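This report refers to the structure that appears directly beneath it.
Everything quoted here is computed from the prediction, not taken from an experiment. In the text below, chain A, chain B and the rest are named by the order of the sequence lines, each starting its count at 1.
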Number of protein chains: 2
Amino acid sequence: MLKKERHDFIMRQINLHNRVLTSDLVQLLNVSEDTIRRDLQELSDEGLLFKVHGGALSKSYHSSFDDSTVYARDSKIIIAKKATGLITDGMVVLTGGGTTILEFVKQLPQNIAATFFTISPLVAVELAKYDNIEVILIGGLFSKNSQVTYGGQVITQLAELKADLCLMGTSAIHPEEGLTDTYWEINQLKKAMLASSKKTAVLCISEKLDIALRLRVCPIESISYLITELDQDHESLTRYQNREVHIL
Amino acid sequence: MLKKERHDFIMRQINLHNRVLTSDLVQLLNVSEDTIRRDLQELSDEGLLFKVHGGALSKSYHSSFDDSTVYARDSKIIIAKKATGLITDGMVVLTGGGTTILEFVKQLPQNIAATFFTISPLVAVELAKYDNIEVILIGGLFSKNSQVTYGGQVITQLAELKADLCLMGTSAIHPEEGLTDTYWEINQLKKAMLASSKKTAVLCISEKLDIALRLRVCPIESISYLITELDQDHESLTRYQNREVHIL
DNA sequence: TATATTATTGCAACAAACCGCAAAAACACG
DNA sequence: CGTGTTTTTGCGGTTTGTTGCAATAATATA
């Protein structure tokens, strides 16, 4: 393999995963550590990546990625980590959009092998960084507000699908009213997603608990897992606990 | 064997395999290393390949997709600006993916009113920033390499659609061979996109001119507009000019 | 702080590139 | 045809590029 090809390979890995480990590259490319280190040094000199102890990081990861802009990011990371526990190899997963789901994708283990259907282009792009994940983007009208596809075409495609697990964020959840939403189209969308999945996990920061909006998506019993940043036995969650809903 | 024949042979190998090793060519062509090196040097001077230590690489071997440092960004901005001239209010436009198309979207005038179909999630997200643009994302399998949706589902949806204009990037264009590509699925995809549009514009930086890859998408006559960063009457473009193709 | 992992540096072996030169082939032209 | 010129090619010697190794320094992790 030519040096240039190695460099291209490394850059591809970097842009795919936002980071590379020296040790991984040694195995993948079957060359000595020294060679990889020199490659990383050269690419770093060209300003194509950030060299760090143990490997290298994507340049865009630091510059363009403004972590601070995501609201309540710390909470969302906790939620995301809990949610990854639900995913096992071979699973078929359906996801919605939103920053919480996006965070969930970033927290997935590197080698997870699964099939993901999603209505969120951003989630699709993030999922594509995993070698062993097959990504199917469900197409349709694209919503400027929620950054997901919606509309009849999406509903139709969802109807043909049966996923093991559906992961969705929510803007409101209430012990009696269940999941609710403000927009008709998003409401329809979520209903269709629920119907297409054997189980459903709702990812939701605690400040969205105990809120009911105009349009009802489903009763609380239709939800299999409720994932918040709170402890399992936090008092805010007791009213959600029942035979159907597992609190994580 | 004549020099010209050797050069043709080398270019065939390059376009077939994306790479050649000096040592391989020495054996295949039964000439000295120096001769091969000189051949590669000359072909490199003509801009037909990239010479590297140990051999040479195809010019289109810029497979990697890096969002941080877009390759030849200045050229792509020039191309993008030219392309915006093709869009008028009320148009139905179909776009592919790639950094050039993404740049095109960023250059669109703020209040343009049009309908865009796209196979690229990133393009969809960017288009969503325009208030008066309706965005329809065509869904399907998501390609990790090219960051667009592809496969049967995409083809099927494209078949139901007739756009006024199709905008696509390309990795290779040649006056006799037309549009060509390396991957079967992308090839099929581009064919379907062409069939779904009344007119087609190809956005393409000049270094991808005069390159032919393995799989043919369409003859040069099927293209309505060819947009490069070069001046309209640049000599590199004369061979592309004919009744059908407009050079911008 | 102790221990393991990763970086750095100089070095040697090898491969490839470069340079000048000369032989051979192709070409131009009277 | 012959002769001078240009182009092409291969060879030897030299320089540069690439890679892996070993010893040492720096850094992470518990």
Report, one pair per line, the protein and nucleotides 24-29 of chain D atoms (nitrogen or oxygen only) whose separation is under 3.5 Å.
none

Review point. Has the side chain of A:Arg38 got a donor or acceptor that lies under 3.5 Å from a partner of the other kind on the base of D:dG20?
Key: yes
Review point. Okay, side chain of A:Thr149, backbone of A:Ile138: is any donor-acceptor separation there less than 3.5 Å?
Key: yes
Review point. Counting just side-chain N and O atoms, does B:Thr35 come under 4.0 Å of either OP1 or OP2 of D:dT9?
Key: no
Review point. Taking atom CZ of B:Phe50 and atom NZ of A:Lys4, what is their separation to the nearest 0.5 Å?
Key: 7.0 Å
Exercise for review: Hey, could you give me the CG/CD1 distance between A:Leu25 and A:Ile14, rounded to the nearest 0.5 Å?
Suggested key: 8.0 Å
Review point. Measuring from A:Ile173:CD1 to A:Leu179:CG, what's the distance to the nearest 0.5 Å?
Key: 5.0 Å
Check your understanding: Can any side-chain N or O of B:Thr228 pair as donor or acceptor with the backbone N or O of B:Ser206 at less than 3.5 Å?
Key -> no
Point to revise | Integer-rounded Å distance: D:dC21 P and A:Glu33 CD | key: 11 Å
Review point. Within this structure, what is the CE-to-C1' distance between A:Met1 and D:dT18, rounded to whole angstrom?
Key: 15 Å
Review point. B:Ser23 near the nucleic acid: base, sugar-phosphate alone, or nothing, with a heavy-atom cut-off under 4.0 Å?
Key: nothing
Study note, to complete from the structure: So CD of A:Glu5 and CD1 of A:Ile10: to nearest 0.5 Å the spacing works out to 12.0 Å
Review point. Do you know the tightest heavy-atom contact between B:Thr118 and B:Gly96?
Key: OG1-O, 3.8 Å
Exercise for review: Using the heavy-atom set of chain A and a strict 4.0 Å cut-off, write down the first and last nucleotide of DNA chain C that makes it in, 5' to 3'.
Suggested key: C:dT6 to C:dT9
Revision key, fill the gap. B:Leu29 atom CG is separated from D:dG10 atom C1', nearest whole Å, by 15 Å
Review point. Between D:dT18 atom P and A:Leu2 atom CG, what is the distance in whole Å?
Key: 10 Å
Review point. Are the side chains of B:Leu203 and B:Leu167 in touch, meaning some heavy atoms are under 4.5 Å apart?
Key: yes
Review point. To the nearest Å, how far apart are B:Lys3 NZ and D:dT9 C1'?
Key: 10 Å
Exercise for review: Compare every heavy atom of A:Thr22 with every heavy atom of A:Glu33, then report the nearest pair and how far apart it is.
Suggested key: O-CG2, 4.5 Å
Point to revise | Terminal axis angle for the helix from C:dT1-D:dA30 to C:dG30-D:dC1, five pairs an end, nearest 10 degrees | key: 50°
Review point. Which part of the nucleic acid, if any, lies within reach of A:Val26 when heavy atoms closer than 4.0 Å are counted: base, sugar-phosphate only, or nothing?
Key: nothing
**Study point:** Side chain A:Arg37 and base D:dG20 donor-acceptor under 3.5 Å
**Key:** no
Review point. Just checking, any donor-acceptor pair under 3.5 angstrom between side chains of B:Ser171 and B:Lys208?
Key: no
Review point. Please give, in whole Å, the distance from D:dT9 C1' to B:Asp34 CG?
Key: 9 Å
Review point. Sub-3.5 Å donor-acceptor pair from the side chain of B:His17 to the main-chain atoms of B:Arg19, do we have one?
Key: no
